[in-house]
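Excluded from the calculations below are hydrogen atoms, water molecules and symmetry mates; all remaining heavy atoms, backbone and side chain alike, are included.
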Amino acid sequence: MLDKTGIAKRIAQEVKDGMYINLGIGIPTLVANYIPPTLNVVLQSENGLLGIGPFPKENEVDPDLINAGKQTITMMPGSALFSSAESFAMIRGGHVDLTILGAMEVSETGDIANWKVPGKMVKGMGGAMDLVASAKHIIVAMQHCSKDGASKLLKTCTLPITGANCVKRIVSDMAVLDILPEGGFVLRERAPGVSVEQIKNATEGKLIIEGIIPEMRF
Amino acid sequence: MINKVVSGPDAAVQDIPNHAVLMLGGFGLSGIPENCIQALLKKGVSGLTCISNNAGVDDFGIGLLLKTRQVKKMISSYVGENAEFERQLLSGELEVELIPQGTLAERVRAGGAGIPAFFTPAGVGTEVAQGKEVREFDGKLYLMERWLKADFSIVKAWKGDTSGNLIYRGTARNFNPMMAAAGKITIAEVEELVPVGSLDPNTIHTPGIYVHRIFQGKNYEKRIEQRTTSI
């Protein structure tokens, strides 16, 4: 099984040269640490920046420079700043190549739930609904099962959804899976030491297994 | 040029009545109108509807107005990080309308730009779509969303001139430019107020036409929510 860092490292392998990428809060933010420095990519922050740089040194901290998680950041050379309307125009307009975000549940038809747990605190969807409705390619970083062992890869989401039919690929702590347009999780890779049988048992939705499933390579 | 300078935050908010609809700029605690929030607190105006991406934290930003029960309704995209907010929401003291962030930004932009409605894919198939018109364009479904306007928009900029031209800094720009355009009365507080003619017209983010009152704020705390550093 992968830890959070492992999931982030595996997702970083999906990044290609020249991409504009939006990283969500949590595990997706960690992906930035593992993008090979040989690739030229630009990270978008929904609050109005293209070109997120590393976290600042203590003497560089600037309260006017934060990311979507309200963390202090720096800007890469060649960055651009803009308003929230412009930010979501570029998201909605399909100009961002890759969106990576977390999820509480994903259905076999690509529905994603990650913004609300009824009866518990409702914090709001932030930019997640806009991102999932428009992104060209969405990769979800998530735990395959909840703490009590219940599958989070479902036939149908039980939580209120953030978007319908939008997730294309999942990297969980157990596996890499693609979602077919007609429905179904196609198993592509296993996490180190995880068997196909374990993944079968941990996946409630329709799981499609074709041929020999390779282990992830790092 | 028209001089829009007022003496300070108290003068800027003096005619905001109870039950007014306000827009307040900012993302998290970045780019929020700190001085005007203090002035609203002091004035004690209540029953406010606040349109703002977030609701501050317990003891800063809009969180201060929540604590004193001056807010009747919040219209936001994300309201985590605030325990008092949670308490008032669960007890039914506070109304909350949650809107996808891009939809919120565009509804405010539309309000300022005279566009009564538009179609967006955000929220199709979710509970956000309830009661809204859904229409298909070129094979994809979109929701109709309406413009948002405010009685008073309160924005924060880095620099401004006496005629209301504004320049923002860093990611503190966020919702401020659209909100400046969507208020019947727009109040701008700036870190540095300069004479008209001293800002380069090429660098203006918000043209002064949208701004009715401007003043130079004091004692900006610019609190950081998540101070994150590297070694």
For the interface with chain B, which of [options] has the highest count of heavy-atom pairs at distances below 4.5 Å?
options: A/P63, A/A89, A/A113, A/A128; answer: A/P63
options: A/G126, A/G163, A/G69, A/A68; answer: A/G126
options: A/T74, A/I161, A/L65, A/N47; answer: A/N47
options: A/A164, A/G127, A/S87; answer: A/G127

Would you say [X] has more than 12 foreign heavy atoms packed within less than 6.0 Å of its [atom1]?
X: A/K57; atom1: NZ; result: no
X: B/F60; atom1: CZ; result: yes
X: B/Y210; atom1: OH; result: no
X: A/K9; atom1: NZ; result: no
X: B/D138; atom1: CG; result: no
X: B/D200; atom1: CG; result: yes
X: A/K168; atom1: NZ; result: yes
X: A/K136; atom1: NZ; result: yes

With chain A as the partner, which of [options] has the greatest number of non-hydrogen pairs under 4.5 Å?
options: B/P177, B/P121, B/G125; answer: B/P121
options: B/G28, B/S230, B/A105, B/A122; answer: B/S230
options: B/L104, B/I99, B/V124, B/N53; answer: B/I99
options: B/R169, B/H205, B/R109; answer: B/R169

Minimum heavy-atom distance between [X] and [Y], given as atom pair plus value:
X: B/E127; Y: A/P160; value: OE1-CB, 3.5 Å
X: B/T103; Y: A/D130; value: N-OD1, 3.2 Å
X: B/K140; Y: A/A133; value: NZ-O, 2.9 Å
X: B/P100; Y: A/M129; value: CG-SD, 3.8 Å

Non-hydrogen side-chain atoms of A/M125 and B/T126 separated by less than 4.5 Å | no

Beyond-backbone contact of B/L29 with A/K70, side-chain heavy atoms, under 4.5 angstrom
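When only atoms from C-beta onward are counted, A/K70 and B/L29 do not touch, as no gap falls below 4.5 Å.
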
At what distance, to the nearest 0.5 angstrom, does [atom1] of [X] lie from [atom2] of [Y]?
X: A/I25; Y: B/Y78; atom1: CD1; atom2: OH; result: 6.0 Å
X: A/S83; Y: B/F27; atom1: OG; atom2: CZ; result: 13.0 Å
X: A/K123; Y: B/N82; atom1: NZ; atom2: CG; result: 9.5 Å
X: A/I73; Y: B/Q226; atom1: CD1; atom2: CD; result: 13.0 Å
X: A/E86; Y: B/N174; atom1: CD; atom2: CG; result: 14.0 Å
X: A/I66; Y: B/E225; atom1: CD1; atom2: CD; result: 7.0 Å

Side chain, backbone, both or neither of [X] within contact of chain B (heavy atoms, under 4.5 Å):
X: A/P54; value: neither
X: A/T162; value: backbone
X: A/I91; value: neither
X: A/N67; value: backbone

Working for side chain to side chain contact (heavy atoms under 4.5 Å, CB included), residues A/W115 and B/L98
CA-CA 11 Å; A/W115 77 281; B/L98 293 169; 4.2 Å; yes

*Checking heavy atoms, do the side chain of B/V108, its backbone, both or neither come under 4.5 Å from chain A?*
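When you check distances to chain A, no heavy atom of B/V108 falls under 4.5 Å.
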
Cut-off 4.5 Å, heavy atoms of chain A, and the answer for B/R227 is both

Q.
What verdict does the side chain to side chain contact (heavy atoms under 4.5 Å, CB included) test give for A/L81 and B/T171, after you've listed the backbone C-alpha separation in whole Å, the side-chain angles of each residue and the deciding distance to 0.1 Å?
A. CA-CA 7 Å; A/L81 293 157; B/T171 53; 4.1 Å; yes

**Q.** Worked verdict on B/Q101 versus A/F88 for side chain to side chain contact (heavy atoms under 4.5 Å, CB included)
**A.** CA-CA 8 Å; B/Q101 193 176 155; A/F88 283 93; 3.6 Å; yes

